[in-house]
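I have placed the structure first, in the form of structure tokens, so that the comments after it can refer back to it.
Throughout, residue positions are numbered sequentially from 1 according to the sequence presented.
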Amino acid sequence: MVSSKFKQDKRLETKAAVLSMVCWVRTLLFISVLVPAFVECRIRHYHFNVVVKNETKLCSTKPIVTVNGKFPGQTLYAREGDNVLIRLTNHVQYNVTIHWHGVRQLRTGWSDGPAYITQCPIQPGQNFLYNFTLTGQRGTLLWHAHISWLRSTVHGAIVILPKKGVPYPFPKPYKEKVIVLGEWWKADTEAVVNQAMQTGLPPNISDAHTINGHPGPVPNCSSDDAYTLHVETGKTYLLRVINAALNDELFFKIANHNLTVVEVDACYTKPLETDTLFLGPGQTTTALLKADQGIGKYLIAISPFMDTVVAVDNLTGMGYLRYNHTLAFTPTTFVPIPAVNATPVTSVFSDSLRSLNSKQYPANVPLTIDHSLFFTIGVGINPCATCFNGSRAVAAINNVSFVMPTTAILQAHYYGINGVFTDDFPAKPAIPFNYTGTPPSGIQTMNGTKVYRLAYNSTVQLVIQGNTIVAPESHPTHLHGSNFFVVGRGVGNFDPDKDPLKFNLVDPVERNTVSVPTAGWTAIRFRADNPGIWFFHCHLEVHTTWGLKMAFLVDNGKGPNESIEPPPSDLPKC
């Protein structure tokens, strides 16, 4: 027997298809008489088929998991205010979920995507309809798998255009280009992470960095598989740059060309001119590029950042910016790349970003705080009898290494299922210590599936403090379900008396992912106005795997408009 809710879902998809066709016809033929203007084109409908395909990179072929056979996956286009429907069907051997990274998911946490946090994974042969509305957002985001390491190849761009008739708050570009940065392993990444978890050792680093799926020229491979950005002299282009890498923060440069940053993480910024972009995994940067150099071919380079002792894939990914009418065999103009440990470059870039803070796009920074939290984050070592050296690498927040449940936390919260999680995540470390100095001996993390509870519409200040228990490291941290304002950052231990005096509460940059500097801290503020369960984690996949993650539980407010929507009938089962 077919459930009434399933029929309702199918009717929703049919309505979306009909409206999409009507809108397409009206746009194509301009027949406003036959297709009246009151028909709003606000439903975007996509089909995501998760399939395996063979892909050749670095002179080596391997099967990879993809959406619709594309790497990177297709770009999801929509406008602010659109309702987006994505029917995902799983045709591979792995469980799958998709996260719409940076989409607020107001009251629709069931569609957020992190496995065992907001949903059980979509099992082989099963499907699920993701359904959400893009409320109050416009700019560049990304989608990616949110289970195991599948996002190494299961990822793509999200482009949210302004509402019709609403201009950009910067000069209109001639064309827009999506540039997705990634990592590539010759080996199967699921085998890489599985081996690491069995041995307790860090996983093998990637073999190359990619630009729109292309690594460019690399050692020991004659194939020059490089991305080319074609431009016309005198024109201005809007580059939507996305770091979809698993574990590497990246620099992005184009020889002899400056870039003007106008938006990060789908939040407009004051214009920032620079010759180098810095993006952590999960971050996006939208920048204007003026094609103002002589006709020729110019190197595009992406290179890693790592200012500590941790191993990193140090191979530069290369592509080309090529002006129209450039002759064949024209030599490439090269660009110097930052040193792998160029901390000052990252600091200058991060510290220079400011919210646009205009009348139309204000920076609504919380000025009074209900919850003042202090999270220390880092990597540790725990005993492991079955591991290679008798120990295992772990990661933790406030000394709690997160244990993934077998029932989705949001379902347990909504239905009142006991025994899945506890709401006693510590607001600060149980035992304070010199976080960036010599670590105390004998520290062992505890395990737990813990959340921190927030009342609806409460305000939060969170200081994220990196520690040096094993090694200091830069941590790009991501909050689901909400943007936040980056009100301060620094090196060393956070000083609760002096550092808040220097906070920017006027026009701090607004983001969903922010890098915590090596052996340093970052302070963020946000308002918990989105009921549900919202994942907070390091976006280096290796650290997420090791347990550097937790979740916020935001209670319902008053009435249905301040409460999470009921779960869809086709929500996957664990």
Side-chain angles (χ1 to χ4, degrees), residues 48-75 91-94 96 142-145 148-157 177-196 202-230 241-254 279 281-282 297 299-306 311-322 332 337 340 540-542:
F48 275 24
N49 290 299
V50 181
V51 296
V52 171
K53 67 164 293 192
N54 287 329
E55 189 79 12
T56 300
K57 306 286 178 195
L58 314 181
C59 292
S60 177
T61 301
K62 70 170 184 177
I64 63 171
V65 180
T66 68
V67 166
N68 297 336
K70 297 180 179 179
F71 171 71
Q74 71 185 90
T75 298
H91 298 283
V92 302
Q93 62 178 318
Y94 305 106
V96 174
L142 69 154
W143 58 264
H144 60 75
S148 192
W149 279 27
L150 291 181
R151 75 174 175 90
S152 63
T153 55
V154 180
H155 60 250
K177 301 287 185 178
V178 171
I179 298 180
V180 180
L181 314 180
E183 288 180 88
W184 183 265
W185 279 257
K186 288 184 178 179
D188 175 8
T189 51
E190 293 303 287
V192 170
V193 65
N194 289 339
Q195 181 187 45
N204 293 335
I205 61 174
S206 58
D207 296 296
H209 295 109
T210 59
I211 303 174
N212 282 345
H214 303 276
V218 294
N220 304 316
C221 178
S222 59
S223 173
D224 185 1
D225 178 17
Y227 167 73
T228 299
L229 172 63
H230 295 276
V241 185
I242 297 164
N243 186 349
L246 277 186
N247 295 316
D248 287 352
E249 296 178 293
L250 296 169
F251 297 112
F252 177 91
K253 298 192 71 169
I254 302 177
L279 302 91
K297 187 168 70 169
L299 190 72
I300 302 174
I302 62 169
S303 60
F305 167 67
M306 178 58 71
V312 67
D313 172 8
N314 203 19
L315 194 65
T316 300
M318 290 184 279
Y320 305 106
L321 181 150
R322 189 182 186 97
T332 302
I337 62 172
V340 67
L540 302 180
E541 203 63 44
V542 57

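Going from atom OG1 of T153 over to atom CH2 of W185 covers 10.5 Å, rounded to the nearest 0.5 Å. For the atom pair I302 CD1 and L315 CG, the distance stands at 9.5 Å (nearest 0.5 Å).
H91 has its side chain within reach of V51: a pair of non-hydrogen atoms, C-beta onward, lies under 4.5 Å apart.
Looking at D313, T189, I64 one by one, the single match for side chain to side chain contact (heavy atoms under 4.5 Å, CB included) with W184 turns out to be I64. A side chain to side chain contact (heavy atoms under 4.5 Å, CB included) with W149 is found for one member of V65, V154, D188, V193 and no other, namely V193. Of the options T210, L246, L250, a side chain to side chain contact (heavy atoms under 4.5 Å, CB included) to E183 is made by L246 and by none of the others.
Between the N68 side chain and the F48 main chain, no donor and acceptor come within less than 3.5 Å of each other. Using a distance-only test at 3.5 Å, with no hydrogens or angles considered, a donor-acceptor pair links the side chain of R151 to the main chain of A245. Under the 3.5 Å distance criterion, the side-chain polar atoms of K62 are matched with a main-chain donor or acceptor of A187.
Side chains of E249 and N243: no donor on one and acceptor on the other come within 3.5 Å. If you check the side chains of E190 and S148, you find a donor sitting under 3.5 Å from an acceptor.
H214 and Y227 have parallel rings, their planes meeting at less than 30° on a 0 to 90° scale where 60° marks the start of perpendicular.
Heavy-atom minimum distance, D224 versus G216: OD1-C, 3.9 Å.
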